[in-house]
**Q** 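Before we start, here is the structure in question, set down as structure tokens.
Residue numbering restarts at 1 for every chain, and letters A, B, ... go by the order of the sequence lines.
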Amino acid sequence: MSGDHSHNDDRIDCGSRVNDSHKHKDKYKDKEHKHKDHKKDKEREKSKHGSSDHKDSSDKKHRDKEREKMKHKDGSTDKHKHKDKEKRKEEKSEPEDDFYHSPKHEKSLKRERDDDNESDIKPKKTKNKKGEVTDGKKKGKKEPEEKWKWWEEERYTDGSKWRFLEHKGPVFAPPYEPVPSNVKFYYDGKHMRLSPQAEEVATFFAKMLDHDYTTKDIFRKNFFKDWRKEMTSEEKATITDLKKCNFAEMNEYFKAQSEARKAMSKEEKLKIKEENERILQEYGFCIMDNHKERIANFRIEPPGLFRGRGDHPKMGMLKRRIRPEDIIINCSKDSKHPKPPPGTKWKEVRHDNKVTWLVSWTENIQGSIKYIMLNPSSRIKGEKDWQKYETARRLKSCVDRLRAQYRDDWKSKEMRIRQRAVALYFIDKLALRAGNEKEEGETADTVGCCSLRVEHIKLYPEKDGQEYVVEFDFLGKDSIRYYNKVPVEKRVYKNLQLFMENKEPDDDLFDRLNTSILNKHLQELMDGLTAKVFRTYNASITLQQQLKELTTDENIPAKILSYNRANRAVAILCNHQRAPPKTFEKSMQNLQTKIDAKKDQLSDARRELKSAKADAKVRRDEKSKKAVETKKKAVQRIEEQLMKLEVQATDREENKQIALGTSKLNYLDPRISVAWCKKWGIPIEKIYNKTQREKFAWAIDMADEDFEF
DNA sequence: GCCTGGACTTAGTAAAAACCTT
DNA sequence: AAGGTTTTTACTAAGTCCAGGC
């Protein structure tokens, strides 16, 4: 967004990508009016070319569904647990094409999912496949209970996500605390007392006064409109112009508050910490199928002003406070249901084990549903993640075929097929996102592959010594700019020319294509294939290949630099950018200072070594020989330290505006990294921090050094 | 087919915590 | 112990994809 990212005016990496939403804004500024009727355009386009002929692509899906049903031909209704268990055993023999089990795990594939006995629910204890409790009879006092290896057990195959689910419900935002009466609000220079409702919303704005947002017209307009809705009629009558509002004292007050918080004594801070820990222990976990699992976001989002990213038409709108009456609870029937706060009721309590969420509510800005779900370390998220990589690996084994096919389709006589083939080529080659249509005026104007418009690409028959160059320039997810110049095959180029013929800049480039059509096609090519699988596949395969290429037989820091560089190649491919840290320059300088100091230290040490050597030559005694050895060691040590610092500097510099985290967390098969660590004797901690190790526990446990993606 | 709602993954930034210096 | 810096975590917006109703 031009707001949030306003300090990024020159996001540029070593290549040619830029993220520069400010300058961009101008380019797009009259978009708002211009493509009001995009959809209509598309429709018009379509009817012009005759309605798109649609082969039935859902065959496959139906087949799958049938297969799913078959598994339940015994008619079990999941109500009878024993039956259910038996059924599961049977299912076990059915090979799950999706899953890779290394032979050494083959034997322990069963998961106990019995919920048949309340007293059985001991979250902290893990059970092995035989159902024996393998709890803490261990000697150690603080024995961190054995971690549950869900990946050695079976998955549900009937579409249910759990058998038993119990939790305490969400933690609500703290109630509004009015500001002290000496903290005044002024309208048109005159002190004015606000009603609590109006005051609360005013404080939201006051807190953001230092932020760029509050200078933006849309933000101010939206805020003011929603604020007025909270005012009493008198307030409404008086306060008619936001420019005349003075929130300065409120702003000061909140700044002082945060200062005070920072300045708190150790004891006070500890107390708060303990209280947070208590809440975490009480609300931060749930019990799902005999296991205590961490919840990702157990706190309800507090009210505030909506901060959309990019040029979001709704920025500044009031995000309302969520009450128990808005909340839907999901848990098992036979669990202890969470209690709403005294004097309140939940909107609904349901027992839907076909979904993974514990709590949901509808948000008022877009009207979408928000959820409380489990942590990435949980079984339910981990299984899915594992599955995702298995799908990507299946793509690996047929990607050559698919590539051959879409290249062939560039020649198709049907426009829709050509478009599909070119789009797929972009998705594959450039790791573009699918690009769903978005509702105009509801969100920032961003695009992905299928929603690219003519104005987003430029064609150059020849550029920088290369033929058939396509220049991409558009805002993608989160309004991050994608800028790239790529030479393409002549056929692609010619097709693009054709697609752009007789179109306005704001017409869709692929007017005969959308994500649904594309995904239906992909589904036919490979079971479970969708556009985003290409991102996962290309990210992971790139990491693997880059690691092979870059890892040298040097010391650990150098190897880690190689890893980070491989990771970086992926981040660049996926266009994962970040705002350069505010302190980036300074921190680089500091590092350089350290390096210089280290260099001085090194030359000193070298000089000392020299003189010690000379000394030893003259004296020829044990003592001076020893001294030489010591000095030698010292020099070595310092050399190593210097090297480390230099590597660190390189790494940091290269990482200035590239975010490695996103790909590491979402696109790179962790088994590749684990295998690499094992192969080169790198401690896994050097690559994954604690959270990451928890999320990827399955991979750390199962991948050995010759894992191949 | 087409639209909408629902569920779930992916994303960057802000805040908090940990770490490192002085 | 304070203060600055770096790393981690929390937060929540913004995507993808699918199913179900017309």
Side-chain angles (χ1 to χ4, degrees), chain A residues 1 3-5 7-8 19 39 43 46 51-54 56-58 61 65 161 211 258 261-263 266 269 272-273 276 280 296-302 304 306-310 312 314-315 319 330 352 354-357 360 362-363 365-371 373-376 380-381 384-385 388 433-439 442-444 446-451 476-480 514-520 522-523 528-533 535-536 574-579 581-584 586-587 590-591 594 648 652 657 659 661-663 665-667 689-692:
Chain A
M1 96 159 21
D4 248 346
H5 301 168
H7 45 294
N8 303 336
N19 185 31
K39 278 217 175 107
E43 272 155 30
K46 268 182 196 159
S51 66
S52 46
D53 38 344
H54 229 72
D56 182 18
S57 56
S58 43
K61 213 172 284 164
K65 254 190 202 158
K161 305 296 169 70
H211 205 289
S258 81
R261 223 172 307 126
K262 269 189 231 155
K266 240 190 185 156
K269 280 183 181 164
I272 292 176
K273 204 175 161 184
N276 281 336
L280 172 67
N297 56 325
F298 55 88
R299 287 171 201 276
I300 300 280
E301 297 173 16
F306 177 73
R307 304 157 81 118
R309 305 189 232 230
H312 197 117
K314 300 196 170 187
M315 64 167 82
K319 208 168 92 160
N330 193 30
D352 181 357
K354 300 280 190 259
V355 297
T356 66
W357 53 268
S360 76
T362 301
E363 152 267 356
I365 304 288
Q366 323 268 355
S368 66
I369 309 171
K370 299 264 187 163
Y371 303 94
M373 291 183 185
L374 298 193
N375 203 57
I380 215 159
K381 293 290 183 189
K384 202 77 185 299
D385 206 36
K388 172 182 77 186
R433 296 186 183 82
N436 285 311
E437 305 95 299
K438 307 171 71 187
E439 218 177 321
E442 295 292 300
T443 58
T446 64
V447 298
C449 186
C450 294
S451 49
K477 182 175 178 182
D478 292 310
S479 293
I480 296 292
N514 61 39
T515 54
S516 162
I517 295 170
L518 179 64
N519 280 334
K520 260 178 206 148
L522 292 175
Q523 188 58 232
L529 187 61
T530 61
K532 85 187 184 80
V533 178
R535 252 166 102 80
T536 311
C574 294
N575 200 38
H576 291 142
Q577 302 192 30
R578 64 165 185 173
K582 288 177 269 309
T583 55
F584 185 82
K586 188 142 67 111
S587 115
N590 290 160
L591 243 186
K594 271 190 186 170
Q648 204 187 342
R652 193 176 296 181
Q657 43 210 159
T662 306
S663 48
L665 235 46
N666 300 301
Y667 289 103
N689 68 29
K690 187 163 144 283
T691 328
Q692 295 166 159

**Q** When only distance counts, do a donor and an acceptor, one from the side chain of A:K477 and one from the base of B:dT10, lie under 3.5 Å apart?
**A** yes
**Q** How do A:L591 and A:K319 order along DNA chain C: which one's closest nucleotide is nearer the 5' end?
**A** A:L591
**Q** Could you check whether A:R261 gets within reach of a base, just the sugar-phosphate, or nothing at all, counting any heavy atom under 4.0 Å?
**A** nothing
**Q** State the NZ-CD distance between A:K314 and A:E442, to the nearest 0.5 angstrom.
**A** 3.5 Å
**Q** From C:dT5, B:dT10, B:dC8, pick the nucleotide closest to the side chain of A:W357?
**A** B:dC8
**Q** Touch check for A:K262, heavy atoms < 4.0 angstrom, all strands: base, sugar-phosphate only, or nothing?
**A** nothing
**Q** Go through B:dT9, B:dA14, C:dA14 for me and flag the one nearest to the A:K384 side chain.
**A** B:dT9
**Q** Choose from C:dT12, B:dA14, C:dC17 the nucleotide whose nearest atom is closest to any side-chain atom of A:K582.
**A** B:dA14
**Q** Could you pick out which residue, A:S663 or A:D352, lies toward the 5' side of DNA chain B when each is mapped onto its nearest nucleotide?
**A** A:D352
**Q** Students often get this wrong, so: under 4.0 angstrom with heavy atoms, is A:K269 touching a base, only sugar-phosphate, or nothing?
**A** nothing
**Q** By nearest atom, which of the nucleotides C:dG4, B:dC8, B:dG12 is closest to the A:K586 side chain?
**A** C:dG4
**Q** Considering heavy-atom distances to DNA chain B, does A:T362 or A:K388 have its closest nucleotide positioned more toward the 5' end?
**A** A:T362
**Q** Map A:F306 and A:N375 onto DNA chain C by nearest heavy atom, then report which one ends up closer to the 5' terminus.
**A** A:N375
**Q** So if I take every side-chain heavy atom of A:A434 and compare against B:dC8, B:dT10, C:dC17, which nucleotide ends up nearest?
**A** C:dC17
**Q** Across the strands shown, which category fits A:A531 at heavy-atom distances under 4.0 angstrom: base, sugar-phosphate, nothing?
**A** sugar-phosphate
**Q** Would you indicate, yes or no, if C:dT5 has its OP1 or OP2 atom less than 4.0 angstrom from a side-chain nitrogen or oxygen of A:S587?
**A** no
**Q** So does A:K594 have more than 12 non-hydrogen atoms from other groups sitting under 6.0 Å from NZ?
**A** no
**Q** So what does A:N689 hit on the nucleic acid, given a heavy-atom distance under 4.0 Å: a base, only sugar-phosphate, or nothing?
**A** sugar-phosphate
**Q** Among C:dT12, B:dA11, B:dG6, which is the nearest nucleotide to the side chain of A:R535?
**A** B:dA11
**Q** Looking at the side chain of A:R309, which of C:dC17, B:dC8, C:dA13 is the nearest nucleotide?
**A** C:dA13
**Q** Let me know which of A:H211, A:K319, A:H312 forms a side-chain contact (heavy atoms from CB on, under 4.5 Å) with A:R307.
**A** A:H211
**Q** Could you check which of B:dC8, C:dG15, C:dA14 has an atom nearest any side-chain atom of A:R433?
**A** C:dG15
**Q** Which of these nucleotides, B:dG12, C:dT16, B:dC8, is closest to any side-chain atom of A:K161?
**A** B:dC8
**Q** From the set B:dA7, B:dT10, C:dG15, return the single nucleotide nearest to any side-chain atom of A:I369.
**A** B:dA7
**Q** Under 4.0 Å, heavy atoms only, any strand: does A:G435 hit a base, just the sugar-phosphate, or nothing?
**A** sugar-phosphate
